[in-house]
Amino acid sequence: QVQLQESGPGLVKPSQTLSLTCTVSGGSITTTYYAWSWIRQPPGKGLEYMGFIAFDGGTYYSPSLKSRTSISRDTSKNQFYLQLTSVTPEDTAVYYCATGVVYDRRNPNEYDYWGQGTQVTVSS
């Protein structure tokens, strides 16, 4: 029953910060599931796990993106956020938020609930 919806700018300039919002309904980011995650898919490539914010506010980031990634939340709005700094054209992708009952939270294939995805293009 949980629903997720991504929103944010579709175009970001190189070196700037990519900022996205995931709005959750039908469940609470503090109680319904453990991990509330961001996953992306570059053109022609597979899903890439980025990180999550846990129900208690703890965070985990993919080692390859940790230095540039920040995930935060606003529990009063039932939203969580993604910020990716110093973007390059390699960051062009469809970005998804996702959640569900999973064993390996780093594995995109284990997530049950996904937003529709939002295209973000990094270009000058």
Side-chain angles (χ1 to χ4, degrees):
Q1 189 172 40
V2 66
Q3 295 179 313
L4 304 93
Q5 184 175 83
E6 305 90 347
S7 61
L11 181 64
V12 183
K13 295 181 178 180
S15 82
Q16 295 189 335
T17 297
L18 182 160
S19 299
L20 297 174
T21 297
C22 184
T23 300
V24 178
S25 60
S28 171
I29 62 173
T30 62
T31 61
T32 305
Y33 295 108
Y34 181 85
W36 303 82
S37 299
W38 287 99
I39 300 161
R40 68 180 183 180
Q41 186 168 34
K45 297 184 178 181
L47 296 168
E48 179 184 17
Y49 191 79
M50 302 185 71
F52 69 79
I53 187 161
F55 70 98
D56 62 355
T59 55
Y60 168 84
Y61 304 109
S62 171
S64 64
L65 296 170
K66 181 178 178 65
S67 66
R68 299 194 292 130
T69 307
S70 179
I71 300 173
S72 58
R73 67 181 184 172
D74 185 336
T75 58
S76 70
K77 296 180 179 179
N78 211 29
Q79 294 179 326
F80 64 103
Y81 312 103
L82 172 70
Q83 290 195 97
L84 184 67
T85 63
S86 302
V87 298
T88 73
E90 290 187 351
D91 294 310
T92 294
V94 177
Y95 285 75
Y96 300 92
C97 51
T99 192
V101 178
V102 299
Y103 175 73
D104 182 359
R105 299 180 180 93
R106 302 167 298 177
N107 185 353
N109 295 323
E110 295 192 12
Y111 283 80
D112 299 310
Y113 302 102
W114 297 70
Q116 64 185 359
T118 186
Q119 172 71 230
V120 179
T121 299
V122 179
S123 177
S124 61

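Residues: numbered from 1 along the sequence shown.
Listed here is the closest heavy atom pair of Ile39 and Ala98: CD1-CB, 4.0 Å. Taking all atoms of both residues into account, the shortest heavy-atom contact from Ile71 to Tyr61 is N-OH, 2.9 Å. Between Pro9 and Ser19, the shortest heavy-atom distance links the atoms CD-O, 3.5 Å. Shown here for Leu65 and Tyr49, the closest heavy-atom pair between the two residues is CD1-O, 4.5 Å. Counting all heavy atoms, side chain and backbone alike, Arg106 lies closest to Tyr60 at CD-OH, 3.2 Å. Contact record, Asp56 with Gly58: OD1-N, 3.1 Å, taken as the closest heavy-atom pair.
Donor-acceptor pairing under 3.5 Å is recorded for the side chains of Thr30 and Ser28.
Just one residue in the list Gln79, Glu6, Gln5 forms a side-chain contact (heavy atoms from CB on, under 4.5 Å) with Cys97, and that residue is Glu6. Considering Phe52, Phe80, Tyr95, Tyr96 as possible partners of Trp38, the one that fulfils the ring pair (Phe, Tyr, Trp, His ring centres under 6.0 Å) test is Phe80.
Taking the side chain as every heavy atom from C-beta outward, Leu84 and Asp91 approach each other to under 4.5 Å. Using a 4.5 Å cut-off on side-chain heavy atoms (C-beta onward), Thr118 and Ser7 make no contact. Residues Val120 and Val12 have side chains in contact (heavy-atom distance under 4.5 Å, counting atoms from C-beta outward). Side-chain contact between Pro14 and Val122 is present, with heavy atoms from C-beta onward closer than 4.5 Å.
Listed for the Glu110 side chain is a donor-acceptor partner under 3.5 Å among the backbone atoms of Asp104. No side-chain donor-acceptor contact under 3.5 Å links Asn78 to the backbone of Thr23. The backbone N or O of Thr17 lies less than 3.5 Å from no partner atom in the side chain of Thr85, so there is not a single donor-acceptor pair. In this structure, the side chain of Tyr111 engages the main chain of Arg105 through a donor-acceptor pair within 3.5 Å.
Taking OG1 of Thr21 as the reference point, atom CG of Leu4 lies at 12.5 Å (rounded to 0.5 Å).
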